[in-house]
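Structure first, commentary second.
Letters A, B, ... are given to chains in the order of the sequence lines, protein chains preceding strands, and every chain is numbered from 1. Note that the structure is predicted; figures quoted are calculated from it, not measured.
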There are 2 protein chains.
Amino acid sequence: MKDSSRPPSKFLAAISQIQEMIKTDRLQCGDKIPSERELSDRLSIGRSSVREALRALELLGLIETRRGEGTFLRDFTDHQLVPLIGTFIFDGEQNKEDVRDVKAILELGCLAILSRKSSFDFNESGSSFQQKIEAADNRLLQNIWMIISDYAGSDPDNERLQELLAAAKQIQYSEGQ
Amino acid sequence: MKDSSRPPSKFLAAISQIQEMIKTDRLQCGDKIPSERELSDRLSIGRSSVREALRALELLGLIETRRGEGTFLRDFTDHQLVPLIGTFIFDGEQNKEDVRDVKAILELGCLAILSRKSSFDFNESGSSFQQKIEAADNRLLQNIWMIISDYAGSDPDNERLQELLAAAKQIQYSEGQ
DNA sequence: TGAATTATGTGGTCTGACCACTGGTATGGC
DNA sequence: GCCATACCAGTGGTCAGACCACATAATTCA
């Protein structure tokens, strides 16, 4: 008879409690979070487990640690996890193709959003997609696009985007079926 | 005079060395990686640091640990990091809007890809987007979409998608500028 | 006053010690 | 020979304590 409800690992518990604490205390980006030793006390969890949690969050780019100073909340914009996940996931075979497609998809979506926003003049807003993405004013989109871009390499003439745009215009789709 | 070339933290060193080891030994998904104590020995790094690295990788869903058995490489398909990043990033205010938009963007892109693939009949391939995404045959797209979907909630009539699709058809864009 | 020193707090790391769990091995009865 | 039991070694999970390296604030002293 195995007790299926084994308590979650302290490591995971620490993570969620830290999140909780951040919410409760309304901590903002740049704010300092309690020291490892204090967290260890307040959560009644060994410092090692607290550290495991913090290191994981750090790798995700959610926090930043500065020796001698403390641990701080961080803006997600600095996407830490990319090079890591990249080597594990993106690398290899024809995944590059997938990455390029997804990048084009995001860019197509970006254009669509801008087009929806009002009569947006594509030829005025600067040529770089970086600027277009920012103009779309969607942080999540921006983050994902930046991450993907790091791995997609360049697509000089936005060939793939043009291709997708053309394809999109052909779509006959109504959810009414 | 600060020594700018301070050695990277053992924690990060451990991660990259573990990655290295995985490549060198050509380990596949499901394979067992050396025990924490053995890693500690082979890398000449304390077990605590090794654990910090492993826990971080675990949180990313790259490895899986089973007490009493060992640590195993894992398929990325199980997207672990979602609930985590979610509460940190997605949550809150009007971000929900952003999430919904990105979801629609991915779906629009999915349709475009299917449309490009050949004359794809949208009304035949099953009604769920899950199936459409799979048909698009792009793992990365699939992963991101699943992640996003967890947070986007449902959009019964694909209202937003329709909206974006309409907007996309209005786009006048040529990279020639 | 102002520079040097000290004290304190923080993250970074290692070690050793347990515990809980798994899987194989040995033991012993049948 | 077979099977159930007990045992043991290996592994992850956790903790506590001890240092070190570093940054900052407080203190001291010229």
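With sequence neighbours left out, the side chain to side chain donor-acceptor pair (under 3.5 Å) criterion links A/Ser48 to no other residue. Taking B/Asp41 as the reference, nothing meets the side chain to side chain contact (heavy atoms under 4.5 Å, CB included) condition, with sequence neighbours excluded. B/Leu12 is linked by a side chain to side chain contact (heavy atoms under 4.5 Å, CB included) to A/Leu59, B/Ser9, counting only residues two or more places apart in sequence or in another chain. Listed by chain and residue number, A/Arg51 satisfy the side chain to side chain donor-acceptor pair (under 3.5 Å) test with B/Glu52 (two or more places apart in sequence, or in another chain). Take A/Glu134 and apply the side chain to side chain donor-acceptor pair (under 3.5 Å) test, not counting sequence neighbours, and it matches A/Gln130. Remark: B/Glu69 engages B/Arg66, B/Phe72 in a side chain to side chain contact (heavy atoms under 4.5 Å, CB included) (not counting sequence neighbours). Partners of A/Arg47 by salt bridge (charged side-chain N to carboxylate O under 4.0 Å, His left out), not counting sequence neighbours, listed by chain and number: A/Glu36. Taking the side chain to side chain contact (heavy atoms under 4.5 Å, CB included) definition, one finds that B/Ala136 meets it with B/Cys110, B/Ile113, B/Leu114, B/Leu141, sequence neighbours left out. For A/Thr65, the side chain to side chain donor-acceptor pair (under 3.5 Å) partners at least two apart in sequence or on another chain are A/Glu58.
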Worksheet entry | Per-nucleotide protein contact string for nucleotides 7-15 of chain C (B base, S sugar-phosphate only, - none; heavy atom under 4.0 Å) | --BBBBBBB

What are the atom names and distances for every N/O pair under 3.5 Å that joins the protein to nucleotides 7-9 of chain D?
none

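A salt bridge between B/Arg100 and B/Glu97 is present, with a side-chain N of the basic residue lying under 4.0 Å from a carboxylate O of the acidic one.
A rotation axis mapping the C1' atoms of four pairs onto the next four is fitted at both ends of the helix from C/dT1-D/dA30 to C/dC30-D/dG1 over five pairs, and the angle between these axes is 30° to 10 degrees.
For the pair A/Asp41 CG and D/dG17 C1', the interatomic distance rounds to 14 Å; values are reported in whole Å.
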